[in-house]
Amino acid sequence: MGGSDAMRVAAGPAETMLDGDPLAGALEGLNPSQRLAVTFQGDALLVVAGAGTGKTRTLVHRVAYMSARGTPPGRILLLTFTRRAAGEMLRRVESLVGSSPLLASAVVAGAKPWGGTFHSVAARLLRIHGRDIGLEPDFTVLDRGDSEDLMHVARTELDLGGRGRRFPQKSTCLDIYSRTVNTLEPLEEVLGRAFPWCRDDVEDLKRLFGAYVELKEAQHVLDYDDLLVFWLGLLRDPSVGPLVRERFDHVLVDEYQDTNVLQAEIVSALRPDGTGVTAVGDDAQAIYSFRGATVRNILDFEQRFGRAEVVTLERNYRSTGPILDATNALMAEADERREKDLFTEREGGSRPELVSCRDETEQTDFLVERILAHRERGTLLREQAVLFRAAHHSAHLELELSRKNVPFVKYGGLRFVEMAHVKDVMAFLRLAENPRDVTAGLRVLGLVPGVGPKTGAALMEALGAAGGDFEAWASWKVPEGAAKVWPGLVSLMRGLAHAPPGDVPAQVHAVRKAYGPLLEKRYGNTLARSRDLEQLEALASRFGDRTRFLAELAIDPPAWTQDLAGPPILDEDYLILSTMHSAKGLEWDVVYVLHAADGNIPSDMATGSVEEIEEERRLFYVACTRARDDLYITWPLRYYKRGGAMTDLHGYAQRTRFVTPGVAACLRERQARPDAVGDGAAGPEGARAPATAASIRAQMREKWS
């Protein structure tokens, strides 16, 4: 499979590089389309970067190129969606500049671009400029769990759950609030489209959200969404907005297809005429509408920035030709998309396999067999990934992997900082940082034996009256059960409140030491939880001050402990299990996409509109494009009802609607067990094969052999 790089628009004149020109170092190794994007000199630029086409490489070289042309690195703003992505890009810029003496001589020594997630950059700018709009810079940031808790406080104060009818729980209320804020849509429209079962609660929800805003103001805290709302407010302020805009000559946005309406408005407000905006993304990988992201931002880029130009990257450096044939065919049937046809210069490769299985057990057996076969042929387990639409889809496979002693790591579960013991320790630091943070205070006080909600509320009121001086707690008469630990807690909080700002690991260590006895009383599996807290202390050493440590972990928390400790120490090797959403941005030699049956792919919860179905198509595309060399798509014909151990009640499935005849023509269709006869050879857990006297005798012989 071959082709030439696509250049949809001749985006400005290309500069001629001469021997010894420092700019040449920023262009080394780029293909023609990447080079065109890197050297673009017009107004706004959209780089449509197909899967595996070197998007990150292009962004890194563009930052280096602009720096070499004279733009001070500190005047370049690089916006990403994860802290890890931002750090990786900045490291690669540094490495690129350092590898070329001529390039290094043209870049200001030691200078770095502004880089980070939308939320982290917002927090940084608000601490600099917030006072100009009446926001004191010592605010703390609520993570998701703490925001839910504060929403619950407001819900309880308004008695919205005690009216004899169902009212949305705190997590759903926060989802509705966040979706409304990030899409800039009226609450009624959000409820009608995304939460139709809550439409009758619109007036109560408005009251609830107003109370939630009041509580955040009283406690001097911001949630994730506030960071973006206040940043946009800064930019729209007639006196402060120009000061913020003047900081940056260029704004580069990674994964632009993942932006929501609010984030797109921020980019527009940073560069109202579009000059200096570079957005990089792929509409075919827009899969986060549940976070408020909209594919319209990348599809309508030219409408937002009138003089925008587009460069398309189509040369793929990841997958084989047959895999690209299949994935190109998959996206060719999308209702609306940006035209691109990925190609590769890699030779060879086998067609992806579409494997039908009689049931889930046969699917599991096939997967384990293929995984081990690839391992025997030299493909490490960690270079193989099993991807699925929903986390529970891998449950049957996980049992069999454990039985076969195949180690695995699963991505898509509980985030590290959402674990209760980690949140406990963080609450101590948050309270020391901001004594008005009632949510953190009640969590800390709730750990003390004998201190209930009423006593906790009274203690927080006393702390507020004392201006945040923890000495107010020293003379407090606490319940008998708290008498032993109370002096130590007060001493700890006084010490944290007056600790040097840069000594974050020592503060975490002090909390860990005091928290240890409470951990043992409250939770099981103490050893594993203690190790998590050791990792938290190690992580703290990466931050120069407590304020930044708390903000970064709230804004962009590590997804799992391995983010802090490096690769998991499980065995010589480990298989990857991941939801499709968590797999975005990653790649493996061999990828298995399981449960490719309608109802699972697309999810039956996401077929209510054309837009939802199209996003499910893109999600399937993301999963398939993770494969470098081999791709297997499996689907069971039957799904068994799990209700009883003595039943074989089941229903029949049909292959995912996304494997149309055009896509199927690019796949090798096969059965997992073409030689199997009858229905008894493979069944679900609890389903029984027909009994015969011979089979019973065989079981008894096996029992005693």
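Quick caveat: nothing in here was measured; it's all calculated off a predicted structure.
Formation of a donor-acceptor pair under 3.5 Å by the S289 side chain with backbone atoms of G292 is not found in this model. Without hydrogens or angle criteria, R338 side chain to I298 main chain gives a donor-acceptor distance under 3.5 Å. Without hydrogens or angle criteria, T656 side chain to I601 main chain gives a donor-acceptor distance under 3.5 Å. With hydrogens and angles ignored, the 3.5 Å screen pairs a side-chain donor or acceptor of N328 with a backbone N or O of L324. Here the side chain of T259 pairs no donor or acceptor atom with the backbone of A264 at under 3.5 angstrom. Side-chain atoms of D573 come within 3.5 Å of backbone N or O of R382 as a donor-acceptor pair. The main-chain N or O of S603 is found under 3.5 Å from a side-chain atom of E616 such that the two form a donor-acceptor pair. A donor-acceptor contact shorter than 3.5 Å is absent between the side chain of D359 and the backbone of R638. Side chain of T172 to main chain of P168: no donor-acceptor pair is present (N/O by atom type, distance under 3.5 Å, no hydrogens or angles). Side chain of T327 to main chain of I323: a donor-acceptor pair is present (N/O by atom type, distance under 3.5 Å, no hydrogens or angles).
Side-chain atoms of N316 and T53 include no donor-acceptor pair closer than 3.5 Å. For the residue pair E148/S171, the side-chain donor-acceptor check at 3.5 Å is not satisfied. Side-chain contact of E398 with S394: a donor-acceptor pair under 3.5 Å is present, judged by distance alone. A side-chain donor-acceptor contact under 3.5 Å links E333 and T660. No hydrogens or angles considered: nothing links the side chains of T364 and T361 as a donor-acceptor pair under 3.5 Å. Looking at H374 and R377, their side chains do bring a donor and an acceptor atom within 3.5 Å of each other.
Across Q257, E255, H581, a single residue satisfies side-chain contact (heavy atoms from CB on, under 4.5 Å) together with Y288, and that is H581.
The OG1 atom of T58 sits 10.5 Å away from the CG atom of D254 when rounded to the nearest 0.5 Å. Note: Q384 CD to Y592 OH = 4.0 Å, rounded to the nearest 0.5 Å. A distance of 11.0 Å separates CG of L367 from CD of E362, quoted to the nearest 0.5 Å. The distance from atom CZ of R144 to atom OG of S178, rounded to the nearest 0.5 Å, is 7.0 Å. Between F290 atom CZ and E612 atom CD the span is 13.0 Å, to the nearest 0.5 Å. To the nearest 0.5 Å, atoms CD (E360) and CG (D365) are separated by 11.0 Å.
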| message | Please evaluate residues H393 and N600 with respect to the criterion side chain to side chain contact (heavy atoms under 4.5 Å, CB included), reporting the C-alpha separation (whole Å), side-chain torsions for both, the decisive distance (0.1 Å), and the verdict. | response | CA-CA 9 Å; H393 287 169; N600 293 327; 3.2 Å; yes

| request: Evaluate side chain to side chain contact (heavy atoms under 4.5 Å, CB included) for L205 paired with C173, printing each intermediate quantity in order. | output: CA-CA 8 Å; L205 285 169; C173 292; 4.2 Å; yes

| task | For the pair E614 and R337, evaluate salt bridge (charged side-chain N to carboxylate O under 4.0 Å, His left out) and give the outcome as yes or no after the intermediate values. | result | CA-CA 10 Å; E614 286 303 299; R337 68 189 184 97; over 6 Å; no

| task | Verify salt bridge (charged side-chain N to carboxylate O under 4.0 Å, His left out) between D589 and R628, making sure each step is shown before the conclusion. | result | CA-CA 5 Å; D589 289 346; R628 297 189 192 106; 2.6 Å; yes

| said: Run L387 and L594 through side chain to side chain contact (heavy atoms under 4.5 Å, CB included) and show every step you take. | reply: CA-CA 7 Å; L387 307 183; L594 72 162; 5.8 Å; no

| query | Does the side chain to side chain contact (heavy atoms under 4.5 Å, CB included) test come out yes or no for T344 and T320, once each step is laid out? | reply | CA-CA 7 Å; T344 182; T320 62; 5.8 Å; no

| field | Derivation of the salt bridge (charged side-chain N to carboxylate O under 4.0 Å, His left out) call for E400 and K404 | value | CA-CA 6 Å; E400 185 64 11; K404 292 285 182 67; 3.3 Å; yes

| Given R370 and D630, is the salt bridge (charged side-chain N to carboxylate O under 4.0 Å, His left out) satisfied, shown in steps? | CA-CA 11 Å; R370 297 310 305 156; D630 293 284; over 6 Å; no

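Nearest heavy atom pair, residue A329 against residue G662, reads CB-O, 4.0 Å. Closest of all the heavy-atom pairs between A51 and R318 is CB-NH1, 4.1 Å. Across D282 and A49, no two heavy atoms sit closer than the pair CB-O, 3.2 Å. The two atoms that bring A284 and V622 nearest to each other are O-CG2, 4.2 Å, heavy atoms only. Nearest heavy-atom pair across Y317 and G54 is CD1-N, 4.4 Å. Residue E314 comes nearest to E339 through the heavy atom pair OE2-O, 4.5 Å, listed as atom of the first residue, atom of the second, then distance.
Proximity of I576 to F408: side-chain heavy atoms (C-beta onward) are nowhere separated by under 4.5 Å. Put simply, the side chain of K340 reaches to within 4.5 Å of the side chain of V48, judged on heavy atoms. Between Q303 and R296 there is no side-chain heavy-atom pair separated by less than 4.5 Å. Residues W635 and S356 are in side-chain contact: their nearest non-hydrogen atoms beyond the backbone lie under 4.5 Å apart. Taking 4.5 Å as the limit, every side-chain heavy atom of V295 sits out of range of all side-chain heavy atoms of E615. In this structure, the side chains of V591 and Y632 stay at 4.5 Å or more apart for every pair of heavy atoms. Residues Q169 and R155 meet the side-chain proximity criterion, which asks for heavy atoms closer than 4.5 Å. With a 4.5 Å cut-off on side-chain heavy atoms, Y224 and S147 do not count as touching.
Other residues, nucleotides and ligands place no more than 12 heavy atoms under 6.0 Å from the CG atom of D200.
Between F118 and F81, the ring planes lie tilted relative to each other; the angle falls in the 30° to 60° range.
At least one cation-pi condition fails for R617 and F620: the charged atom is not both under 6.0 angstrom from the six-membered ring centre and inside a 45 degree cone around its axis.
Between Y639 and H595, the gap from one ring centroid to the other is short of 6.0 Å.
Salt-bridge check for D598 with R655: failed, with every basic side-chain N at 4.0 Å or more from each acidic carboxylate O.
Listed by first then second residue, pairs satisfying side chain to side chain donor-acceptor pair (under 3.5 Å) with a partner in residues 618-627 read Q285-R626, not counting sequence neighbours.
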